[in-house]
> 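Once you've had a glance at the structure underneath, I'll fire off some questions.
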Amino acid sequence: MIFFKRVMWLVLLNLSVLSCASQQSPQENNLYQALGEQQGISKLVDQLIVEIVADEQIFPYFAKASVSYFRKGFINHMCAISEGPCEYTGDSMVDIHTGMNISEGDFNRVVELLIRAMESTGISYPVQNRLLARLAPMREQIIKR
């Protein structure tokens, strides 16, 4: 079942990226605007924090972290990768995750929590897929560091 979910996730990402690029107006092509700009990204990150706190599997990774520091950094990171007016100046994904020994299952669980947060905040599936496509290349920098 897990293998099927991963395959479907990758297929959806690839199809979404291809279809989104050809079917959207220039304004819709900007992921930052599609996410609701700074206010929408802040709302998404806040909901992700709620999801993390409620999750027994993932919360231990964040238990000693500063919520405000994480929130500020993740909002800035999301703004930058979505073509917003931000420049991410935080630590690299490798530096952040080194020593955490994040398993593939834990990584996938965070993706599930992010998807749940996007659904809770009303982000459309095509926009969700575009964001996930931007985040997916960071996977190798996070797992088992």
Side-chain angles (χ1 to χ4, degrees), residues 2 5-21 24-145:
I2 292 173
K5 281 184 178 179
R6 287 188 200 139
V7 169
M8 289 305 298
W9 184 72
L10 291 173
V11 168
L12 288 173
L13 280 176
N14 289 331
L15 290 175
S16 171
V17 170
L18 292 174
S19 67
C20 286
Q24 295 177 333
S25 69
Q27 184 177 17
E28 291 171 327
N29 276 335
N30 184 294
L31 183 55
Y32 178 74
Q33 291 174 342
L35 288 169
E37 299 181 345
Q38 194 70 24
Q39 182 178 1
I41 290 171
S42 295
K43 184 177 174 184
L44 172 59
V45 171
D46 289 343
Q47 184 59 41
L48 177 60
I49 291 169
V50 168
E51 298 292 339
I52 289 169
V53 168
D55 192 87
E56 292 180 18
Q57 178 183 345
I58 299 305
F59 181 69
Y61 287 105
F62 295 87
K64 294 181 181 176
S66 164
V67 175
S68 61
Y69 183 78
F70 170 79
R71 181 181 184 276
K72 181 181 175 185
F74 200 60
I75 288 170
N76 185 258
H77 181 67
M78 296 284 275
C79 175
I81 66 165
S82 66
E83 301 170 8
C86 309
E87 181 179 340
Y88 179 70
T89 58
D91 295 332
S92 73
M93 291 300 110
V94 171
D95 289 343
I96 291 169
H97 298 95
T98 295
M100 294 180 75
N101 296 315
I102 297 170
S103 71
E104 188 172 349
D106 292 333
F107 178 87
N108 291 341
R109 182 64 183 153
V110 171
V111 172
E112 291 172 8
L113 297 177
L114 177 59
I115 291 169
R116 190 181 298 171
M118 289 189 288
E119 289 172 350
S120 294
T121 56
I123 296 172
S124 70
Y125 291 119
V127 174
Q128 289 182 32
N129 289 335
R130 289 171 58 205
L131 179 59
L132 291 170
R134 298 270 176 99
L135 295 170
M138 296 172 207
R139 179 181 182 278
E140 292 179 14
Q141 301 169 16
I142 295 171
I143 293 177
K144 302 241 186 202
R145 295 273 171 210

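Count residues from 1 along the sequence.
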> Evaluate the criterion side-chain contact (heavy atoms from CB on, under 4.5 Å) for residue pair Leu131 and Met78; output intermediate values, then yes/no.
CA-CA 9 Å; Leu131 179 59; Met78 296 284 275; 3.4 Å; yes
> Between Tyr61 and Lys64 (side chain of the first, backbone of the second, donor and acceptor by atom type, cut-off under 3.5 Å), is there such a pair?
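No; zero donor-acceptor contacts below 3.5 Å.
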> Does Met93 offer a backbone N or O that forms a donor-acceptor pair with the side chain of His97 under 3.5 Å?
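Answer holds: yes.
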> Could you check Val53 against Phe62 for side-chain contact (heavy atoms from CB on, under 4.5 Å), going step by step and ending with a plain yes or no?
CA-CA 8 Å; Val53 168; Phe62 295 87; over 6 Å; no
> What pair of heavy atoms forms the shortest contact from Gln57 to Gly105, and how long is it?
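Closest heavy-atom pair between Gln57 and Gly105: NE2-O, 3.6 Å.
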> Which is it for Leu132 and Ile115 under the side-chain contact (heavy atoms from CB on, under 4.5 Å) test, yes or no, and what are the steps along the way?
CA-CA 9 Å; Leu132 291 170; Ile115 291 169; 3.9 Å; yes
> Report the distance from atom CD1 of Ile123 to atom CG of Leu114, rounding to the nearest 0.5 Å.
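It comes to 8.0 Å.
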> What is the minimum heavy-atom distance between Arg134 and Pro137, and which atoms define it?
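Here Arg134 and Pro137 meet closest at O-CD, 3.4 Å.
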> Rounded to the nearest 0.5 Å, what separates atom CD in Glu51 from atom CZ in Arg109?
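Output value for this atom pair is 8.0 Å.
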> State whether Glu119 and Arg116 are salt-bridged, where the test is any N-O pair (Lys NZ or Arg NE/NH1/NH2 against Asp/Glu carboxylate O) under 4.0 Å.
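Here Glu119 does not pair with Arg116 in a salt bridge, since their nearest N and O are not under 4.0 Å apart.
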> Could you state the interatomic distance from CD1 (Ile75) to CD1 (Ile41), rounded to the nearest 0.5 Å?
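Separation between the atoms: 8.5 Å.
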> Roughly how far apart are Tyr88 OH and Ile81 CD1, rounded to 0.5 Å?
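Taking OH in Tyr88 and CD1 in Ile81, the distance rounds to 10.5 Å.
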> Please check if the side chain of Glu104 supplies one atom and the backbone of Ile143 the other of a donor-acceptor pair under 3.5 Å.
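Not at all, since once roles are kept as given, no pair shorter than 3.5 Å links the two residues.
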> Considering non-hydrogen atoms only, spot the tightest contact between Thr89 and Asn76 and give its length.
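That closest heavy-atom pairing would be N-OD1, 3.9 Å.
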> Looking at Glu83 and Arg130, is any side-chain nitrogen of the basic one under 4.0 Å from a carboxylate oxygen of the acidic one?
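Here Arg130 does not pair with Glu83 in a salt bridge, since their nearest N and O are not under 4.0 Å apart.
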